[in-house]
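To start, the structure under review is shown below, and the notes come after it.
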Amino acid sequence: MSNQPTQNQHEAAYLSLMRGLRELDLRGPGVPSDLVLIGDHAFPLAMNSQGQVLMAASLYGSGRIVVLGHEAYLTAFPALVENALTWLRGDGSDNLSVGVHNNVRAVADNLSRSSFKAEVVGAFSKNLGVGVYVTDAYSVGAHVKDLVAFMKAGGGVLIAGQAWSWAGAHPKENTLLLFDGNKVSGVAGIYFSDHHGEVECLPVYPQIPSSWMAVVIGKDFEDDFDFLLQGISNFDLATASLSEVLVHGPLAFPIGTTKGGQTFLAGAYYGQGRVIVITHEGLFNWETLAPFWINAIHWLDEGRQGVVGIVPGFDQAREHFSKSGLKCESTDFREDLSVFVCSLYNDDQAGKIQEFVAEGGGLLIGGHAWHWEQTHPGQNPLTDFAGNKILNKMGLSVLGNVIWGGLHEAPEPSRAIKDTYHFRHLLNRFASHVAQGQELTQHEEECLKKLGSDCATYLHMEAQDCSSYAQVVSTITDLIKKSDIPQVCGSCPVKTPKDHLLLNVAAEVYKVCPDPDALLPHLIRHNPLLPVVYNYRIKINTKTGGGEEWISTGLYLSPGMKTYISLPEEIVNKGWQIQIGCQTDHLNHGELKRAPCVHVRLPVTSNMMQVWNLWGGLIYLVAPPNTRGEDLEVTVQMAVPAPYYKSGVTTAAEWSLLRTAPSPWAELEFDNIILTVPSEAVWNLDRPDELAAHWNDIMKGVADLAVIPHKFPRKERFVADVQISHGWMHAGYPVMIHETAADELVNVNNARTNGIWGPIHELGHNQQRCCWEFPPNTTECTCNLWALYVHEEVLGVSRTQAQGITKESRHKLAKDYVEGGRKLDSWTFFVALETYMQLQEKFGWDAFKKVFAAYHKMSDFPHDNKGKMNLYAETFSQIVKMNLAGFFKAWSWPIETATEEKLSNLPPWSDHPMTQFD
């Protein structure tokens, strides 16, 4: 990470509110309400040992509010009340007038010896002229709107009371929305709940109190499910492609989920209003979902019978919604609406929409983030996607992964919150499992892997200023410290859901927790100090093409080790990045031999950056596409030297010392390729110059067959990892291979005796071009042309030695294909390769080179396999001046009459190998 989390902006407010207080003895006759906190600005002042919040504060608009869980606290803690009044009147305000409701006039008496001027009133009035208003939670009644407006404009409100007795007298009423005090405090994200708070003598902590037990759901939502799901048995999403919703707020709840626990439809309370999100806006228009939308519109309207405003473009939706009996209008956002319906793709009005909901409006919002994530690489959907700038505060976030449609059962209302996966609930249960040994149910155990993934995702919100986020960070940090974090490696793999969870969240919480250094020993137990170099200078010359390029530094950071990097002004805020770690595959296996993600990337935003990575790793600069950099100098303050050899730069004498450098990773950089392998693979490498010559020959061979310049626009890379995302090896930048295959890359004798088919096969993948590829048939076939060519023409290794390709095996493949009915579906892998080998044996490699060269000059290609296969047959025929239509038809290629006519003037290849099967 490049920046430590900033101090929570509410900490200063907390210190001001609790100034001079050492303890709060709540063991009086009053039984308080447990307070539920949501949003970005609400934070606890007093929290008991069960994690219940009994006093809290928040901001709203330009104003502030302090909420006490019982009205007796207004007189029991006069010093706290004075601190509260000082904070509530706002920074720099000289208004010492305080309005005190008649029902709590004892507060005015206590203030007689203070500098505040208390005025006892029968009710709040907007003409009072006070800076702060003090009331109990039962006396706001008819003046709610004026009081909210007063707070929004900069006024301070001190409100106290409990809601459990009201809830007892109103058993079927919604306490969150209908209890008087909540109509004011709820707008600012603090609710009096119907739960009793346990009383005890509480110490006043030096920072905002937190507890894993505070991570709770604030409502059972049964009445909401009853209302929303009336007449609804399932959600038929057909073939729609939706995003997943992360439901993370205490007052947010999943409505529609897959069997795997992924949520696509969710609701939440926010302030005095409500919100529902569906992760594809097109579903508003679906008639099959209209019964649910009608329920949803009524739930959001809350009986006001108001106007439903629908953004232009949802004409079908307006027709469906009108069946609700409510007045529906096509309109942009207006504050006088009862319900606003819009998509997630515009955040121009985010603040106004949030205020609209907080003050009682309903929001129905739809959209997905998967397309946004695909088109915004490197950006964070939780913080950068427009819809989440509206929804995050409401306890909902739309993610970039896809949920495919289908038929999904609606939950049973009476069991919905118990049976449905809920991030906050399961985190609380897992915390109790770790802290107190409470047994998890089988369903909960099965959900732990998802919980780990969701925790990691949630932490990407990086909302350090939000108290609920800080609570989750504190909870996860506490979990990590109390758990036995698996020291994952090849010989100690991770298999259980619990260990998956711990491994997943470890790196993410390390990035965002306030004190990562204190957490490090809990995460990595064996972390020896390695020798370092200081103020190491690196010269950079680069010219990138259409892809980014990793620039090696030859340096390594140990796990958690921090260093400063000085960077030239020319690359600051220009798309450059610092990468720590060469292992860039994300893993999603049941058995893990390393953490799922062990590298970090940091945008270069300053010419001096502090960087680190929990897992350590080699240090790279990542140059963006189409960038030129000449004589750029980078200085790394402190790092561990790696065994790093660069052709034409590193001398034999330097290598004799460098090859035993302490980094666990080594890099060998040659003219057109860079090999990253575990260091032990190079300890016995006496002649890196010979290895360089060997790879230079191979890469020239790759270039020769592809008919491209010998100097690659970007050097290929190999990384040998303990575990990779898929396959034994896979292509890309870098090509990933298993560490057990690292010796193949550095052993010249073995390569020239037995071959190195796998690595060359992957380099062949990187040369494949869409215009002459016929996926999926040739995906694992034409890459082998490079394997054949390099082995036979460069390494002098026969195809039989390299891959066991014999005349007998080839004949059997062709014969079986013919006898199986020459079905093109079976024309794959080595069956398809046989077609190309027959061409090669007749016309030589030179024909292939001329064909590839011809494609370089073409610009307009068909996009379907049939069109591409006809173009290939025509191109190859013209190059070799022979009509190959009959040959390709014998392999069941869909050769069209028009292609045959184009080639009819060429002599046919009448004795091709497939004639033996006619």
Side-chain angles (χ1 to χ4, degrees), residues 174 219 221-245 247 252-259 261-270 273-306 308-311 313-328 338-344 357 361-368 387 391 394 396 398 403-417 419-422:
N174 189 327
K219 192 178 186 296
F221 304 109
E222 186 176 341
D223 54 337
D224 303 293
F225 282 112
D226 269 332
F227 192 103
L228 288 164
L229 298 177
Q230 191 170 358
I232 310 297
S233 59
N234 59 56
F235 299 101
D236 188 352
L237 307 180
T239 57
S241 47
L242 299 86
S243 283
E244 183 177 0
V245 186
V247 180
F253 57 101
I255 302 168
T257 62
T258 67
K259 284 184 179 175
Q262 292 177 293
T263 300
F264 54 83
L265 173 65
Y269 285 74
Y270 182 70
R274 296 168 169 180
V275 59
I276 285 180
V277 59
I278 181 77
T279 52
H280 199 303
E281 73 285 4
L283 298 177
F284 289 151
N285 296 319
W286 285 23
E287 192 166 357
T288 52
L289 293 175
F292 176 78
W293 296 133
I294 291 169
N295 290 352
I297 291 286
H298 280 293
W299 185 78
L300 294 166
D301 175 67
E302 295 183 44
R304 290 182 292 266
Q305 298 290 307
V308 179
I310 305 166
V311 290
F314 288 114
D315 295 339
Q316 283 175 282
R318 196 166 81 245
E319 284 181 39
H320 299 323
F321 297 170
S322 294
K323 294 172 187 173
S324 66
L326 297 177
K327 183 181 179 185
C328 296
S338 175
V339 179
F340 181 52
V341 184
C342 64
S343 76
L344 283 166
V357 179
L363 175 65
L364 179 57
I365 191 166
H368 55 77
L391 289 174
M394 300 180 182
L396 301 164
V398 180
I403 294 177
W404 299 108
L407 188 67
H408 303 286
E409 287 184 25
E412 171 59 41
S414 63
R415 296 194 50 82
I417 205 67
D419 293 348
T420 308
Y421 170 88
H422 192 293

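Start at 1 with the first residue, then count along the sequence.
Atom-to-atom distance recorded for I232:CD1 and L229:CG is 7.0 Å, nearest 0.5 angstrom. Here the straight-line distance linking atom CD1 of I403 with atom CG of L242 works out to 6.5 Å at 0.5 Å rounding. Note that the NE2 atom of H298 and the CD atom of Q305 stand 7.0 Å from one another [nearest 0.5 Å].
Scored by the ring pair (Phe, Tyr, Trp, His ring centres under 6.0 Å) test, F284 finds W293, F314 as partners (sequence neighbours excluded). Remark: E281 pairs with Y345 by the side chain to side chain donor-acceptor pair (under 3.5 Å) rule, at least two apart or across chains. Partners of S324 by side chain to side chain donor-acceptor pair (under 3.5 Å), not counting sequence neighbours: none found. Every salt bridge (Lys or Arg N to Asp or Glu O under 4.0 Å) that D223 has, sequence neighbours left out, goes to K219. Residues satisfying the side chain to side chain donor-acceptor pair (under 3.5 Å) test with K323, not counting sequence neighbours, are none. Here T288 pairs with W286 under the side chain to side chain contact (heavy atoms under 4.5 Å, CB included) rule; sequence neighbours left out. Residues that satisfy the side chain to side chain contact (heavy atoms under 4.5 Å, CB included) test with A268, not counting sequence neighbours, are A252, V275, L396. Residues passing the side chain to side chain donor-acceptor pair (under 3.5 Å) test with Y269 are N174, D224, R274, sequence neighbours excluded. Scored by the side chain to side chain contact (heavy atoms under 4.5 Å, CB included) test, T263 finds V245, V247, P254, T257, A266 as partners (sequence neighbours excluded). In this structure, Y421 has no ring pair (Phe, Tyr, Trp, His ring centres under 6.0 Å) partners at least two apart in sequence or on a different chain. Residues that satisfy the side chain to side chain contact (heavy atoms under 4.5 Å, CB included) test with E319, not counting sequence neighbours, are absent from this structure.
Among all heavy-atom pairs drawn from R318 and S322, the shortest one is O-OG, 2.7 Å.
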Next on the checklist: Walk me through whether T279 and L344 qualify under side-chain contact (heavy atoms from CB on, under 4.5 Å).
Outcome noted: CA-CA 9 Å; T279 52; L344 283 166; 5.6 Å; no
Checklist entry - What do the steps show when you test I276 against L228 for side-chain contact (heavy atoms from CB on, under 4.5 Å), and what is the final call? => result CA-CA 10 Å; I276 285 180; L228 288 164; 3.7 Å; yes
Checklist entry - Given I365 and F340, is the side-chain contact (heavy atoms from CB on, under 4.5 Å) satisfied, shown in steps? => result CA-CA 8 Å; I365 191 166; F340 181 52; over 6 Å; no
Next on the checklist: Before you tell me yes or no, could you show the steps for F292 and I278 under side-chain contact (heavy atoms from CB on, under 4.5 Å), namely the whole-Å CA-CA distance, both residues' side-chain angles and the distance that decides it to 0.1 Å?
Outcome noted: CA-CA 11 Å; F292 176 78; I278 181 77; over 6 Å; no
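Annotation: side chain of L363 is in contact with side chain of M394 (closest heavy-atom distance under 4.5 Å).
Judged by distance alone, with hydrogens and angles left aside, the side-chain atoms of H320 form a donor-acceptor pair with the main-chain N or O of N285 at under 3.5 Å. With hydrogens and angles disregarded, a donor-acceptor distance shorter than 3.5 Å links the side chain of D301 to the backbone of G306. Looking at D226, its side chain never comes within 3.5 Å of a backbone N or O of P413 through a donor-acceptor pair.
The aromatic rings of F253 and W299 lie perpendicular to each other, with more than 60° between the two planes, well past the 30° mark.
For E222, the CD atom is densely surrounded, since the number of other residues' heavy atoms within 6.0 Å is greater than 12.
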For residues 234-241, please give each side-chain donor-acceptor pair under 3.5 Å, one per line with the distance, not counting sequence neighbours.
| residue | atom | partner | partner atom | Å |
| --- | --- | --- | --- | --- |
| D236 | OD1 | A238 | N | 3.1 |

